[in-house]
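Shown next, in structure tokens, is the structure this report addresses.
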Amino acid sequence: MPLSHAQLWKAIDGLARREGLSASGLARRAGLDATSFNPSKRFGPGEPPRPRWPSTESLTRILEATGATLGDFAALAQDAPDRPSTVPMLGLAQAGQDGFFDDAGLPVGDGWEQTELPRPRDTLLSLRINGDSMVPLYREGDRVIVDREASDVRKGDRVVVRTTGGETLAKEVDRLTTETVTLASINPAYEPRTVERRDIQWMGRILWVSQ
């Protein structure tokens, strides 16, 4: 069955996330213009907007750049339904009481709030944790979702920092000044590290972790 316009673009976004990239980063890796996969390029003018389809050449180049097969791409398209932006939330103390779960373990009744999930956008990327500096919070192989353009990072936030020297660090913000950022590890075997702001390419807050 042919893929729809929405499925093709969702597969491209899914492939980018799988590689720890934004849609723009995926385009650059494939040697394409960085704006090739921007949301603004996915529809043309008109009322209703006219769908624009990725070219066969651009699809071939991203598959070659990532080592993905057509089967991988099709699976991403088929397995990428629209996800809810929130999930039910309940305090652990309440969760021990009756009336909040049915016999299948699904949420029922009143009292549930909502936890907002990260919504896909170009500033989000996924990274795999390497090393043990953030153990036991993050373990080797865990995947984190990072907003690399978070502008209100504060002390205590867990962040990923990309330095101009090419390092990518997952740490906790211990201290912020106008000139430096001090990054702490959860693992006490690692000393805090102070990085000059001029040496930081970007610093993004960790929004989610898959363990």
Side-chain angles (χ1 to χ4, degrees), residues 9-32 34 36-38 59 61-85 87 115-151 153-154 156-174 181-193 195 199-211:
W9 284 114
K10 284 187 176 182
I12 289 172
D13 290 339
L15 184 58
R17 287 192 295 271
R18 195 185 79 172
E19 296 297 308
L21 299 167
S22 65
S24 298
L26 178 62
R28 285 192 293 267
R29 178 184 287 186
L32 302 168
S36 297
F37 301 144
N38 282 3
L59 294 179
R61 290 174 72 169
I62 63 173
L63 293 179
E64 291 176 348
T66 59
T69 66
L70 281 173
D72 296 331
F73 189 84
L76 288 168
Q78 298 294 341
D79 293 341
D82 288 327
R83 298 180 178 180
S85 59
V87 294
T115 293
E116 187 170 355
L117 300 176
R119 299 182 182 183
R121 54 184 183 271
D122 283 348
T123 62
L124 297 186
L125 55 84
S126 178
L127 297 170
R128 184 184 292 109
I129 296 294
N130 292 321
D132 62 352
S133 69
M134 293 296 280
V135 169
L137 183 64
Y138 304 138
R139 300 185 298 270
E140 179 96 21
D142 287 351
R143 290 175 180 259
V144 293
I145 296 177
V146 180
D147 186 351
R148 59 185 172 84
E149 291 189 2
S151 59
V153 172
R154 297 171 294 181
D157 283 349
R158 280 74 186 251
V159 297
V160 169
V161 173
R162 176 71 175 179
T163 71
T164 55
E167 290 183 282
T168 304
L169 310 168
K171 299 292 180 182
E172 182 176 290
V173 176
D174 184 60
V181 178
T182 300
L183 303 169
S185 301
I186 302 298
N187 187 339
Y190 292 82
E191 294 291 329
R193 177 174 173 181
V195 182
D199 295 330
I200 295 176
Q201 185 175 351
W202 55 261
M203 177 168 58
R205 186 186 297 110
I206 294 175
L207 304 181
W208 213 261
V209 58
S210 174
Q211 297 179 314

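Quick caveat: nothing in here was measured; it's all calculated off a predicted structure.
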>> Strictly by salt bridge (charged side-chain N to carboxylate O under 4.0 Å, His left out), give each pair with a member in residues 200-211 just once, sequence neighbours left out.
In response: D152-R205, D157-R205

> Can you tell me how far OH of Y138 sits from CG of D132, rounded to the nearest 0.5 angstrom?
Replying inline: 15.5 Å

>> Evaluate L124 against L207 for side-chain contact (heavy atoms from CB on, under 4.5 Å), listing each step before the verdict.
In response: CA-CA 9 Å; L124 297 186; L207 304 181; 3.7 Å; yes

>> How close do A184 and D174 get, counting heavy atoms only, and between which atoms?
In response: CB-CB, 4.0 Å

> Can you find a pair of side-chain heavy atoms, one from V209 and one from R158, that are under 4.5 Å apart?
Replying inline: no

> Side chains of D142 and L137: closer than 4.5 Å at any heavy-atom pair?
Replying inline: no

>> Please report the interatomic distance CE(M203) to CG(L169), rounded to the nearest 0.5 Å.
In response: 11.5 Å

> What are the two closest non-hydrogen atoms of R143 and S126, and how far apart are they?
Replying inline: CB-OG, 4.1 Å

>> Whether the side chain of R17 engages the backbone of L21 through a donor-acceptor N/O pair (distance < 3.5 Å, no angle test) should be reported.
In response: no

> Between the main-chain N or O of G31 and the side-chain N or O of R61, is there a donor-acceptor pair closer than 3.5 Å?
Replying inline: yes

> Can you find a heavy atom in the side chain of L15 that is under 4.5 Å from one in the side chain of F37?
Replying inline: no

>> Please give me the minimum heavy-atom distance between A30 and A65, naming the atom from each residue.
In response: CA-CB, 3.9 Å

> Considering the options D199, I200, V195, which one meets the side-chain contact (heavy atoms from CB on, under 4.5 Å) requirement together with T164?
Replying inline: D199

> Measuring from D147:CG to L125:CG, what's the distance to the nearest 0.5 Å?
Replying inline: 8.5 Å

> Do any N or O atoms from the side chain of E172 and from the backbone of S185 form a donor-acceptor pair under 3.5 angstrom?
Replying inline: no

> Which atom names give the shortest non-hydrogen contact between A170 and S133, and what distance separates them?
Replying inline: O-OG, 4.2 Å

> Going through the checks in order, is the side-chain contact (heavy atoms from CB on, under 4.5 Å) test met by T66 and L26?
Replying inline: CA-CA 9 Å; T66 59; L26 178 62; 3.7 Å; yes

> What heavy-atom pair brings A23 and D13 nearest, and what distance separates the two atoms?
Replying inline: CB-OD1, 4.0 Å

>> On a heavy-atom basis, which atom in S36 and which in A27 lie closest, and how many Å separate them?
In response: CB-CB, 4.3 Å

> Mind checking whether I62 and I12 have side chains closer than 4.5 Å, heavy atoms only?
Replying inline: yes

>> Going by the rule side-chain hydrogen bond (donor to acceptor under 3.5 Å, both in side chains), which residues pair with R29 if we only count those two or more places apart in sequence or in a different chain?
In response: E19

>> Under the rule for salt bridge (Lys or Arg N to Asp or Glu O under 4.0 Å), what residues qualify as partners of R193, not counting sequence neighbours?
In response: E167

